[in-house]
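Worksheet: one structure, shown below.
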Amino acid sequence: MKFFIDTANLDEIRQASSMGILDGVTTNPSLLGREIQRTGKDSREILKEICQLVDGPVSAEILSLKADKMITEARDLAKIHDNITIKVPMVKDGILVVKTLRDEGIHTNVTLVFSVSQALLAAKAGATFVSPFIGRLDDISHVGMDLVEEILAVYENYAFETEVLVASIRHPLHVAEAALIGADVATIPFSVIEKLAHHPLTDVGIEKFQADWDKAKK
Ligand code: E4P
């Protein structure tokens, strides 16, 4: 399973990257906006730096909603770095955009996906990734992980190559469940990456081993 970090915060990306387990990055307009405000840098500068920090797909989202404008915006973002993946919002015009970009060799991530039919359209158009937002479904009392499972089943039925990227992850259990059902990628906030390593029994165990070792050495 690939691990992407879901942030535009350069400090967080630097720290996670130094752990050696990062395969890519996802940003969105909210996350990039926060980093622009924090650093005073512009979005292209931030995306370029992210691409220098992580050698893998870096999702950058387009904001237009009409096909011609979406394509212009996407081509412009793709010029920043070879690893830029265009995040295309799941709207009707987005499907043609994904197909056009695929024909040009530009990778795409269809975002804000909340149903199997949306995921099916994205795969038919040749999206590189599809992003079901599981936390936002959980928030409205739908089990987000059920959607991931259904998309995986449909993609397997037809041998689609589109990778299922589990997004809107809120806690370590989301990551574990996504791995258990075979999702291709999890995009994880930095705070959740930090939590993945922790277990209270590990801490208790380390303390006990150290205390026993100290006693033996006296
Ligand atoms: C995915 O690519 C999105 O950036 C992200 O996972 C959205 O998460 P949120 O629902 O916590 O905002």
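Order of listing sets the numbers, starting from 1, for every ligand and every atom in it. The analysis underlying the following values was restricted to heavy atoms, covering all of them including side chains, and did not include hydrogens, waters or symmetry mates.
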State whether the shortest distance between N or O atoms of S168 and N or O atoms of ligand 1 falls below 3.5 angstrom. yes
Below 3.5 Å, N or O to N or O, backbone or side chain included: is there any such pair between N28 and ligand 1? yes
Which of T27, I80, I36 passes side-chain contact (heavy atoms from CB on, under 4.5 Å) with I46? Answer is I36
To the nearest 0.5 Å, what is the distance between CG (L96) and CG (L101)? 9.0 Å
Taking 4.0 angstrom as the limit, do R44 and D76 come out as a salt bridge? yes
Under a 4.0 angstrom heavy-atom cut-off, which atoms of ligand 1 come close to [X]?
X: A167; answer: 1 (C), 6 (O)
X: T26; answer: 2 (O)
X: R170; answer: 9 (P), 10 (O), 11 (O)

Hits for side-chain hydrogen bond (donor to acceptor under 3.5 Å, both in side chains) against E61, two or more places apart or cross-chain, chain-then-number order -> none
Can you pull out the closest protein heavy atom to atom 7 (C) of ligand 1? Residue, atom name and distance to 0.1 Å, please. F133 CE2, 3.6 Å
Where the closest heavy atom to atom 10 (O) of ligand 1 is concerned, which of R136, K87, E61 has it? R136
Does at least one non-hydrogen atom of D6 fall below 4.0 angstrom from an atom of ligand 1? yes
Between T85 and N109, do the side chains contain an N or O donor and an N or O acceptor separated by less than 3.5 Å? no
May I have all residue pairs that pass salt bridge (charged side-chain N to carboxylate O under 4.0 Å, His left out) and include part of residues 131-141, sequence neighbours excluded? D139-R170
